[in-house]
Amino acid sequence: MIKKLIIYLVLTFFTTAVAAEELIMKCGKNTYKYIQDPSGDKVVWKHAKATGNKYIEWCTDKPNKKWGLVSVEGWTRIIKNNKATCLIKKATYKKNGKKKERTNSVSVSDFVQLTRHAEWYHTNTGSKKNVKDVKCKKKKK
């Protein structure tokens, strides 16, 4: 009897699942999800057209063909303390047979302040820095 009790206690204490905490924010047509996990925090995003309304990994070196993205060079992703930062040295797009480049791109998503900030240079605007600030809304699961 004592042996069974010990086995049940051990199974109860060591098989309890650790749930990952999620913070979700909606920024325009994009939805971002910050997942806090003991194995490492990560961010996923979804968009009706670009991802087929399914969550995919955010800020990767894999081009998103649906948006015309052909290549990504020199990318870095920093995810910690409920903030996600994506740095991309150069992204090449192709639309209607024309190539365009976006360089020195910085994107910061703050899941506490519910904001997104992005800045980049684009071949269409030359040496002018493009800046976009978006206020987001907290979304329930």
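We number each residue from 1, following the sequence as shown. Hydrogens, waters and symmetry mates play no part in the numbers below; they use all other heavy atoms, side chains included. Note that this is a predicted model, so its numbers are computed, not measured.
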query: Within a strict 4.5 Å, meaning less than it, do heavy atoms of the S71 and T92 side chains meet?
result: yes

task: Using atom types as modelled and distance alone, determine if a side-chain donor or acceptor of D37 lies under 3.5 Å from a backbone N or O of S39.
output: yes

- request: Check side chain to side chain contact (heavy atoms under 4.5 Å, CB included) between D133 and all other residues, then give those that pass, not counting sequence neighbours.
  value: H117, V131

message: Going by side chain to side chain contact (heavy atoms under 4.5 Å, CB included), name the residues that satisfy it together with K128, two or more places apart in sequence or in a different chain.
response: T125, N130

message: Checking Y93 against K98 for the side-chain contact (heavy atoms from CB on, under 4.5 Å) test, could you report, in this order, the C-alpha distance in whole Å, the side-chain angles of both residues, the deciding distance, and whether it holds?
response: CA-CA 8 Å; Y93 294 84; K98 295 181 181 178; over 6 Å; no

message: Tell me if the NZ atom of K42 is crowded by more than 12 foreign heavy atoms within 6.0 Å.
response: no

task: Would you mind checking if K90 and E101 are paired as a salt bridge, meaning a charged N to carboxylate O distance below 4.0 Å?
output: yes

Spatial distance of atom OH (Y32) from atom CE (M25) [nearest 0.5 Å]: 7.0 Å

message: Take a 6.0 Å sphere around NZ of K95 and say whether it holds more than 12 heavy atoms from other residues, nucleotides or ligands.
response: no

- prompt: Is it true that E22 and K139 have a side-chain N and a carboxylate O under 4.0 angstrom from each other?
  reply: no

field: C86 side chain reached by W75 side chain, heavy atoms, under 4.5 Å
entry: no

task: Go through the structure and list residues passing side chain to side chain contact (heavy atoms under 4.5 Å, CB included) with N104, not counting sequence neighbours.
output: K89, Y121

Which side-chain N or O atoms in residues 44-55 pair as donor and acceptor under 3.5 Å with protein atoms at least two apart or in another chain?
residue	atom	partner	partner atom	Å
H47	ND1	K49	N	3.0
H47	ND1	A50	N	3.1
T51	OG1	H47	N	2.8
T51	OG1	H47	O	2.9
T51	OG1	K54	O	3.0

With sequence neighbours excluded, residues passing side chain to side chain contact (heavy atoms under 4.5 Å, CB included) with D41: Y34, Q36, I79

message: If you define the side chain from C-beta out and look only at heavy atoms, does anything of T31 sit under 4.5 Å from I24?
response: yes

field: Euclidean distance, L87 CG relative to I78 CD1, rounded to 0.5 Å
entry: 5.5 Å

Which side-chain N or O atoms in residues 105-115 pair as donor and acceptor under 3.5 Å with protein atoms at least two apart or in another chain?
residue	atom	partner	partner atom	Å
S107	OG	R116	NH1	3.1
S107	OG	R116	NH2	3.2
S109	OG	R116	NH1	2.6
D110	OD1	V112	N	2.9
D110	OD1	Q113	N	3.0

- prompt: How about T60 and K62: do any of their side-chain heavy atoms sit closer than 4.5 Å?
  reply: yes

